[in-house]
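Throughout, protein chains are lettered first and strands after them, A, B, ... in sequence-line order, and every chain is numbered starting at 1.
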Amino acid sequence: MPELPEVEITRRGLEPHLTGRRVAGVTVRNPNLRWPVAPELSARLPGRLVRGVSRRGKYLLVDCSGGWLILHLGMSGSLRILPAASPPGKHDHFDLALDDGTLLRLRDPRRFGAVLWTETDALRHPLLAGLGIEPLSPEFGGDWIYRQTRARTASIKQVLMDGRVVAGVGNIYANEALFRAGIRPQTPARRIGRKRYGILADAVRETLRLAIAAGGSTLRDFVGSDGAPGYFQQQYGVYGRAGLPCPHCGRPIAEVRQGQRSTCYCPRCQT
DNA sequence: CGCCAGGCCTGCACGC
DNA sequence: TGCGTGCAGGCCTGGC
């Protein structure tokens, strides 16, 4: 579930609880996530000062003074701050105990998420090194996407979802941004010009900004670090709305598949 | 029961 | 031959 807005909501919620604290302990209840949780975590983390929490794409980076805890929420993960000794549920696979007695807890029913540890620069980790531009950074704009897409035969939606090009945009927000921009998702990326890419870049930024402001999207299991759901799904224009009227023109929203993912769009407003 | 779901790495096939 | 590119499979559980 979690795309960039949900990860950013999580980051903002965690930061004040983690920054300046020391790690008191680590509990791994089920190490079988996307990659096995490294056993050395339990030895390497306790005692470290948490300096801050940042985000790269959909990855959360916890700066642990000489090492980085890299967290990914996969499809169904969520992170919460809880009181000491909170009883774990069935899918609560990982806890970080802090020196004030609180817990950072990962819940992830599908276990597509990840808990990684590195003692070199987190941004050089193999999983992060190849990530594309941050869509909320000042460098991201129409010109940038235009230059990136000249040799791409893939559709614009698949390019938006390609983390090596743009980091953090997943299926929901790719659908929504293309609707906002009035661009048909199947359009070959190389056939879109500079001007339309300017509109698309603005649409991506605005879609992400609005989603963050709404606390992200809660479709089934996402909650923020305080347990609160997001409400952006109430503002969806097309995602999950196949057959329902387009909010602009009233015509039915269409659904197709692209790269084994569902694409929703308005055949009239998106050309 | 089958199918679907917010991610994304890996391996393979293809064309230049 | 090598590289960029583009597919499909796989990892899991839960809900309809």
Worksheet item: Using a cut-off of less than 4.0 Å, is there contact between a side-chain N or O of A:Arg152 and OP1 or OP2 of C:dG4?
Response: no

Practice prompt. Go through the steps to decide whether A:Val62 and A:Ile70 satisfy the test side chain to side chain contact (heavy atoms under 4.5 Å, CB included), and finish with yes or no.
Written response: CA-CA 6 Å; A:Val62 183; A:Ile70 303 176; over 6 Å; no

Practice prompt. Answer yes or no: is there an ion pair linking A:Arg180 with A:Asp202, defined by an N-O contact shorter than 4.0 Å?
Written response: no

Discussion item. Using ring centroids (six-membered ring only for Trp), state whether A:Phe112 and A:His72 fall under 6.0 Å.
Written reply: no

Worksheet item: Can you tell me how far P of B:dC8 sits from CE of A:Met75, to the nearest Å?
Response: 10 Å

Worksheet item: With a non-hydrogen cut-off below 4.0 angstrom, is A:Arg34 in contact with a base, only sugar-phosphate, or nothing?
Response: base

Practice prompt. Take A:Gln260 and A:Trp35, find for each the nucleotide of DNA chain B with the closest heavy atom, and name the residue whose nucleotide sits nearer the 5' end.
Written response: A:Gln260

Worksheet entry | Rounded distance (Å) that lies between atom C1' of C:dT13 and atom CG of A:Asp92 | 14 Å

Worksheet item: How long is the line joining CG of A:Leu71 and P of B:dC8, in whole Å?
Response: 14 Å

Worksheet item: Which part of the nucleic acid, if any, lies within reach of A:Tyr59 when heavy atoms closer than 4.0 Å are counted: base, sugar-phosphate only, or nothing?
Response: sugar-phosphate

Practice prompt. State, without any angle test, whether A:Glu255 and A:Thr263 hold a side-chain donor-acceptor pair at a distance under 3.5 Å.
Written response: no

Discussion item. Is it the case that C:dC12 (base atoms only) and A:Arg111 (side chain only) share a donor and an acceptor within less than 3.5 Å, ignoring hydrogens and angles?
Written reply: no

Worksheet, complete the sentence: Output row for DNA chain B, stems defined as at least 3 consecutive Watson-Crick or G-U pairs under 3.5 Å, is B:2-5 with C:13-16, B:7-16 with C:2-11

Discussion item. How many whole angstroms separate atom CZ of A:Arg110 from atom C1' of C:dG14?
Written reply: 9 Å

Item to complete: Send over the distance from A:Arg261 CZ to B:dC3 P, rounded to a whole Å.
Response: 18 Å

Discussion item. Within the structure provided, determine whether A:Leu136 and A:Arg205 are in side-chain contact (heavy-atom separation under 4.5 Å).
Written reply: yes

Item to complete: Assert yes or no for the condition that the ring centre distance of A:Tyr173 to A:Phe232 is strictly below 6.0 Å.
Response: yes

Practice prompt. Can you tell me the distance, in whole Å, between the CZ atom of A:Arg190 and the C1' atom of C:dG4?
Written response: 12 Å

Worksheet item: Between B:dC9 atom C1' and A:Leu33 atom CG, what is the distance in whole Å?
Response: 15 Å

Discussion item. For a quick test of reading the model: is some side-chain N or O of A:Ser76 closer than 4.0 Å to OP1 or OP2 of C:dG14?
Written reply: no

Discussion item. Using OP1 and OP2 only, check whether a side-chain N or O of A:Lys90 sits under 4.0 Å from C:dT13.
Written reply: no

Worksheet item: Does A:Arg105 CZ have over 12 foreign heavy atoms under 6.0 Å away?
Response: yes

Discussion item. I want to confirm an ordering. Mapping A:Asn32 and A:Val159 to their closest nucleotides on DNA chain C, which one lands closer to the 5' end?
Written reply: A:Val159

Worksheet item: Using a cut-off of less than 4.0 Å, is there contact between a side-chain N or O of A:His72 and OP1 or OP2 of B:dC8?
Response: yes

Discussion item. Taking the nucleotide of DNA chain C with the nearest heavy atom to each, does A:Ser155 or A:Pro109 sit closer to the 5' end?
Written reply: A:Ser155

Discussion item. It should be established whether A:Thr153 places a side-chain nitrogen or oxygen under 4.0 Å from OP1 or OP2 of nucleotide C:dG6.
Written reply: yes

Discussion item. Between C1' on B:dC4 and CD on A:Glu255, what's the gap in Å once rounded to a whole number?
Written reply: 10 Å

Worksheet item: Contact class for A:Arg164 (heavy atom, under 4.0 Å): base, sugar-phosphate, or nothing?
Response: nothing

Item to complete: Evaluate side chain to side chain contact (heavy atoms under 4.5 Å, CB included) for A:Thr218 paired with A:Val223, printing each intermediate quantity in order.
Response: CA-CA 7 Å; A:Thr218 295; A:Val223 290; 5.5 Å; no

Worksheet item: Is the aromatic ring of A:Phe112 within stacking range of C:dC11, meaning centres under 5.5 angstrom and planes under 30 degrees?
Response: yes

